Amino acid sequence: MLTKTPPSLSDGTRIDDLIHLQTREVQLRVLADPELHRLEMDRIFSQTWLFLGVANEIPNPGDFMVRSMGDDQVIVTRSRDGEVNVLLNVCPHRGMRVCTTEAGNTPVHKCIYHGWAFRPNGDFIGSPVEKEQMHGHILPKSELGLRRARVKVYGTLIFATWNLEGPSFDDFLGDMKFYYDMLFCRSDGGLEALGPPQKFTLHANWKTAGEQSACDGFHTLTLHRWLGDFAKFGDGDLTTSMYGTEVSANGHSMRCPPVAQKFKKLGLEDKSIEEKLELLPPPGVTKEMLPELKRRLSSEQLRLLVESPPQVGGIFPNLMVAFIYVPQPDGTVVGVTSLHAYVPRGPDKVEFTNWFLAERDVSLEMKQKSLQIGIRMLGTSGQIEQDDSDTWPHMSRNARGPQGRLSTMKYQAVCNQPPRPDWPGPGHVYEGFTKDDTQWNWWLKWHELMSATI
Amino acid sequence: MLTKTPPSLSDGTRIDDLIHLQTREVQLRVLADPELHRLEMDRIFSQTWLFLGVANEIPNPGDFMVRSMGDDQVIVTRSRDGEVNVLLNVCPHRGMRVCTTEAGNTPVHKCIYHGWAFRPNGDFIGSPVEKEQMHGHILPKSELGLRRARVKVYGTLIFATWNLEGPSFDDFLGDMKFYYDMLFCRSDGGLEALGPPQKFTLHANWKTAGEQSACDGFHTLTLHRWLGDFAKFGDGDLTTSMYGTEVSANGHSMRCPPVAQKFKKLGLEDKSIEEKLELLPPPGVTKEMLPELKRRLSSEQLRLLVESPPQVGGIFPNLMVAFIYVPQPDGTVVGVTSLHAYVPRGPDKVEFTNWFLAERDVSLEMKQKSLQIGIRMLGTSGQIEQDDSDTWPHMSRNARGPQGRLSTMKYQAVCNQPPRPDWPGPGHVYEGFTKDDTQWNWWLKWHELMSATI
Amino acid sequence: MLTKTPPSLSDGTRIDDLIHLQTREVQLRVLADPELHRLEMDRIFSQTWLFLGVANEIPNPGDFMVRSMGDDQVIVTRSRDGEVNVLLNVCPHRGMRVCTTEAGNTPVHKCIYHGWAFRPNGDFIGSPVEKEQMHGHILPKSELGLRRARVKVYGTLIFATWNLEGPSFDDFLGDMKFYYDMLFCRSDGGLEALGPPQKFTLHANWKTAGEQSACDGFHTLTLHRWLGDFAKFGDGDLTTSMYGTEVSANGHSMRCPPVAQKFKKLGLEDKSIEEKLELLPPPGVTKEMLPELKRRLSSEQLRLLVESPPQVGGIFPNLMVAFIYVPQPDGTVVGVTSLHAYVPRGPDKVEFTNWFLAERDVSLEMKQKSLQIGIRMLGTSGQIEQDDSDTWPHMSRNARGPQGRLSTMKYQAVCNQPPRPDWPGPGHVYEGFTKDDTQWNWWLKWHELMSATI
Amino acid sequence: METVQQSAPVAAPQVEPRAPFRPHRLPVGSDAYNRVAEFLYEEALLLDDLRLAEWTEGLAEDLVYTAPLRQTRHFSEQHLTVIRSVKHFDETYDSIMGRVGRLTKTNSAWAEDPPSRTRRLVTNILVDATDNPNEFDATSYVLLTRNRFEESEMMVLSLVRYDRIRLVDGRLKLAKREIIVDQSVLGMPNLAIFL
Amino acid sequence: METVQQSAPVAAPQVEPRAPFRPHRLPVGSDAYNRVAEFLYEEALLLDDLRLAEWTEGLAEDLVYTAPLRQTRHFSEQHLTVIRSVKHFDETYDSIMGRVGRLTKTNSAWAEDPPSRTRRLVTNILVDATDNPNEFDATSYVLLTRNRFEESEMMVLSLVRYDRIRLVDGRLKLAKREIIVDQSVLGMPNLAIFL
Amino acid sequence: METVQQSAPVAAPQVEPRAPFRPHRLPVGSDAYNRVAEFLYEEALLLDDLRLAEWTEGLAEDLVYTAPLRQTRHFSEQHLTVIRSVKHFDETYDSIMGRVGRLTKTNSAWAEDPPSRTRRLVTNILVDATDNPNEFDATSYVLLTRNRFEESEMMVLSLVRYDRIRLVDGRLKLAKREIIVDQSVLGMPNLAIFL
Ligand code: FES
Ligand code: FES
Ligand code: FES
Ligand SMILES: [Fe+3]
Ligand SMILES: [Fe+3]
Ligand SMILES: [Fe+3]
């Protein structure tokens, strides 16, 4: 059964003992504790909205793909009515996995164990030998369907939650919606997945990746130092790119570095939004799409999009949003959007699931370019992220030591600047050099959910 | 120490919270909970009778084989007096494994660590350098022997239990003895193992296999659908073979499908028992052995043996009994008996141990035929059971999810027919199409033992 | 948090239920219990002195090597002042491993994640982009250094403990110092490591190796029986070498077998200490070094060194000291000293870390000879110890069974002889045939620490 | 009792003759050797690509295909470690065709549907001539890797195969195979694949 | 939509032509076969010894180097198990040179610094002639073992490589490589190494 | 201090000369190559079949048989990753004979009694000529699988061997072997077996 009150661990430790609100510290132990993992499954992954994939991965009725919500496996389907459904991949009869493949198309999901059959919307159709009514009469057929999660397709992104009565997806995003809309709702076609996600596993706790996704810009200077050696990434000094604005709310956050410095030569400073848009359309967007942007975004959003677009960050608990653009020899700029779901696989293991996205309505050639850049920089063999995925396991390992577990993760770099007066966006706004506030907010959200009375 | 009262798990869950007696449901969580596993080891595998092997596997004095009782390893020996002994394979000195091989013959079991020596009956002989009395004087030699389990050789089947004062083996079988005697005690020679068992491990909880062994006939229709493609198995429509009688007691059960339908051509219907025996001796039995059968079995048992022989089922907790017969091109029928012990190896792993048996007193050629059929249909590479062993791990995996664990296994197909008035056998008798009653009885036994006050 | 009072396990078992003081038995369960392991990490490996390596492994300032204290990883460094430092290999910023290599030389340890930098003594230097003060202002720099353990270099052996206020190293050794000094402090140069240690892992609980290291001489007769086949090891009858003196204190112990019997031909009996020293210098020591020995050791120590030198034993909790000497065809005797740290890697795994040592001031040729003998007899491929490392996993495995865990390890061979009246050394002294007392003392120390109120 | 002959020794002819330096060893690199190696590599590719029907074309109709059990015994009893009473496989050409039929035609051979991703890495090939100029004895090591569903760890099984390979109408066919697996308790849920 | 072509079939030319007994198979033991084998063994040694610059000398400048994703599908859908939209690797000569530059010159390619201890065990080599007398198609199996830090378990990944190897000035160079890994969810933290 | 030479470099002659394209490489498929390969395959079979006495017949009496330790070091310090002060093995012909004697004659070599089920999969063989026409340098990769008791997981260790192989009276013998294992912390309880 779920703990109904703020839980404590079998050794008497309370959640509040693990996170020090005054000094902004979190005990390393949280990265390797099986009991905490169990609680996270109940209090976070069974409660919040989780990202599962992109609408165009299952374009046609009957299409399905198998994804994960924490340690649970779900089937994401498109039903005849065109709706997206998210169903627990657990047969209501005896618990067998209903879909044994990763993807496909079928009008009927039939469990291979005893043949119970379900529609793509989860409805129970029946069991073999109809007249024998092998599903019995104790429960009505309406209660024998696949467990359905609550679904929201945001732009083209599929989210779901087990919390049927909980906050709406918009409330979940809160003040951050203003920023995410700039990425995911700016065009009519929206973003599409360029294929199924890459998947690989690390021996690390999911939170090592999760907390970093809350705008840990600082690690770039050292862990990704090599980027500095490539002139094409900024001017070679990564430090300058550490300045900008960070926004945060509800544990979500995004870094919005100013574009100008990156493209001095274009001399954008004294141009109008209109002109800037024409001169340098947001990478990944074509001039043809600009009217759509203007129609769909507010002038404030448009301005930020050209001046300080949301570039990298995360949606609590386990989604990373990365938008990178790489100036090409030919002067053009190729951008790629990547989403990572850090799916827990027990306390010491996480599955890195990595989607590459592009605007649906750009040319195939542009998509291919984006994809190639993405594959070379992010995910499995990505030259940037291969360093992250080799780092996180060390943190989890250290968290298993009797002294190591008592050590803390510190978030004591506090932003000491006021927000830019002209900043038009909502949420907590942190100005200047990247600091720890957004990551600390991530932990505050974790603390809120973990110690809530449910 | 053992929990002495109905136990509850560290999160406060009670056994009664996991099994819903009214709606005949069991929470999937029971398939993946380490605490429950620990309790099962103490309350089931340390308490009930367990199958370990066949007498002819250790024909001679000094012969031994190493087997398992739950997570404990035991040495099954034949001592000079011809008796079968079951000894904990743990040295009383410092806990080293005494037998490090799987089988062999020796008059003395000498621990390789410090040389303590034991007889095949477990008696402590002594330790090296007699005069130094390295076993000390605190305990008498009589208390330094290998821990002995209580043994019962039933027919030729070796069972043992740690519950020295508990129910006799006959009480353990209860009403089911009537049926098992028909298989295991019908002939003078009895069944013999055709060799050592096949062994292989699955990443599944032992109960996924255990509950199925309690006469889950229904899964055959779908999981083993391919059998229908082979005319030789019945008439191609597996549904018909789902009808018959199921009997159950103390958590044990057997399916007893009518033979007639399988062999219409023989026109058995209007024949007498005698005639039927002659026309179609129980597969695996030769005409020569019929007198033995008549001597050893009651007329009721004889009748069932020819009309509705016990064919497949299980002995609680983890023994599956499968008797399959395959009509041959030449009109003869080859039968093979197979026993599976589903040995727990922790909560997420089970060792599938598979014996093939035949009547001792049939021809070598007949044994070889039986064995070949068995190997091709059951066990490691068995075309029937390879589908089962690939299915069970999915159930355990699903049981680890925060939502999956809350899902239930349902046993709501309730037999609604009265027993055949002419059914001569004892126990709960379920008539007609296979239903879930016998499997539910299996869980009731599990519930009884798990919530008992010990 | 640490348990503050004598702890009990979640099933209600108390430490005192696991060890039976009257009958000198320990329940096998202690070899496989995850909860006990957690407690051992806090109550033993976070409290006592632990061996980490040898001074000459890091001869120069900036040299470092990564070692383990229980499940914690530490960096052993030599700082500019020549001091040896032991630092938790956990970054105070976010818990990343600071040293990712096993050894090297560097004036600055820079964490690859965000670039925090530390001196070889652990002092925090700073984080990148100085002016942004990314370490914040909540904690002073003095509190942002690497966690420092308390260090003692004993002879040339590096020990450390997390118990900053606890007993001194000398108090830790107690009466056993008298004996260890004879091995580790007898010469000016002291012992040096002949290279980095061999490392390999076994699936066994660390205590299977730990309790044996407390002078389990008896197992040699059986587990190492093959040694008897090699005349060069004594007279072929290993039993005689089981006689001698065993000394013990604080859980530490050493076996001190008389040399005489081993070298009858030399007719040492009636010689003086002086003469004996000349005739047969302690193996591994050259005649040239004798003056040093005489200067550094008391006459009692000198006498024991030639008559009954400490040969094999252990320092609680997890250090084995083995000193073997092998008479060569040419009549000389080659000796090698080996130290094993049995580093826990969870309840079911231990890392066998094996150093070979020799007196610094002997010839290179002699060192090479020693090393070769050592490699062939001890450690990874050692013909003696390969049998031990294959034995211990069986004990841990047996400890996982529901009956096996209730079985006990027995230490009931009690020494019944008075100490030799002429024995000059302190501590508990056990005379005659090897018995279980020293191992029992090891468990008493374990019991003391595990049930202490901390 | 024959059927419980746990003590059935490793039949001499099945191992001894494979001793090194025996007269009939065909040199590594000889034509016959190379053809046998090619046959074994192509066989592995067909099995790993699930081209089972094509694979059966390389089987002789008098095929004997077996996989004994293994048992852990003392050093002095190594002849007892290969059990040939009960086996993991005991197949003929017909039974193999039956298995292939189930896998490829029934659409319900769930143990391998979805199929495992397998790789049969064949090494240490040694070839011997036999009394029959058209038949060769081949010893080959195999490391089988097998991965199913989303498993992040690969199942691994090593084994040695003792084959009799026959030249028929210019094409090699497998006439006999004995598979000695290196585990006494198999670490996989079944052997629904061919070795 | 092309980019979501999960149903992009395993392009026929990439597998079918490798069928056994096809006309262009170059016999095991033939000169070309032996040279290709030697090339692959030496390549493995260079990669395992971290001699990456030397390794690049064996790459053609029009190199196409890719590693598709794998997806678990039903037996009847095996043509859908190799995904060529998103990949694990999608490289050219220039991008490989960039990767090698990062690994060998930046001193901060942490994913492989300290480097893994790797071993690329190459087996089951089959070679086919192509329309171009100077180019060969090579199929090879690889068992990759990878060990980092103090890990006591080795990471293991099996795969098959379909290479195009070209003879240039008497020296072989890799012109094309497609790597089919045997996992749908990789069991390692990254592919910071070459396959 | 020599004995703590953690910085003892991988002795140049032991690796460099094995560089690809060096003058003395004997082509894959050449007679010498094939004989060396056969020798290595037969050696593996003898070891896996526990025919240790026969195996020793293939050892030269001046044999030097070693297995250095490995240490995890930065990319820039790869020459420090092979430790040749302390080793896992440091053997001569006599010491090997002693080990074989213990394993085969004492009936109490428990570490391998009951014996492991092992398989030495030998791949990536490269052979070089030496100054001595009767001696060859052979590089070979080995994947060792090892399984004991009822373990359901196989122990796996990969390694490379640098051998010196000598032709004596028409028969090849092992004169020198250096074994470089791919782990810094071995994942097995001992090396009671030969590599
Ligand atoms: S478990 Fe799905 S039908 Fe029975
Ligand atoms: S443990 Fe068996 S004799 Fe000591
Ligand atoms: S974790 Fe070390 S600098 Fe951030
Ligand atoms: Fe990063
Ligand atoms: Fe079944
Ligand atoms: Fe020992």
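None of these values were measured; they are calculated from a predicted model. By convention in this document, chain letters (A, B, ...) are assigned in the order of the sequence lines, proteins followed by strands, and residues within each chain are numbered from 1.
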### Message
With chain C as the partner, which of Met96(B), Met41(B), His135(B) has the greatest number of non-hydrogen pairs under 4.5 Å?
### Response
Met96(B)

### Query
Top residue by heavy-atom pair count (under 4.5 Å) with chain C, among Gln133(B), Glu35(B), Arg147(B)?
Arg147(B)

### Message
With a 4.5 angstrom heavy-atom cut-off, is it the side chain or the backbone of Thr23(C) that approaches chain B, or both, or neither?
### Response
both

### Message
Sub-4.5 Å heavy-atom contacts with chain C: which residues of residues 69-77 of chain B show up?
### Response
Asp71(B), Asp72(B), Gln73(B)

#### Entry: Engaged part of Leu88(B) at the chain C interface, taking heavy atoms whose separation is under 4.5 Å
side chain

### Task
State the OH-CD distance between Tyr113(B) and Gln212(C), to the nearest 0.5 angstrom.
3.5 Å

### Message
Please verify the inter-ring angle class for His114(B) with His219(C); under 30° counts as parallel, over 60° as perpendicular, anything in between as tilted.
### Response
perpendicular

### Inter- and intrachain pairs under salt bridge (Lys or Arg N to Asp or Glu O under 4.0 Å), touching residues 114-142 of chain B, at least two apart
Glu132(B)-Lys435(C)

### Summary
Nearest heavy-atom approach of Val90(B) to Gly404(C) is CG2-CA, 4.2 Å

### Query
Ser68(B), Pro92(B), Ser10(B): which one forms the most heavy-atom pairs within less than 4.5 Å of chain C?
Pro92(B)

### Task
Let me know if Thr239(C) has heavy atoms under 4.5 Å from chain B in its side chain, its backbone, both or neither.
side chain

### Task
Drop me the distance from Met134(B)'s CE to Leu221(C)'s CG, to the nearest 0.5 angstrom.
8.5 Å

### Message
Quick test of your reading of the model: are Arg94(B) and Asp216(C) salt-bridged, counting only N-O distances below 4.0 Å?
### Response
yes

### Query
Who among Cys111(B), Ala149(B), Cys91(B), Gly115(B) has the most heavy-atom pairs with chain C under 4.5 Å?
Gly115(B)

### Query
Roughly how far apart are Asp390(C) CG and Ile112(B) CD1, rounded to 0.5 Å?
7.0 Å

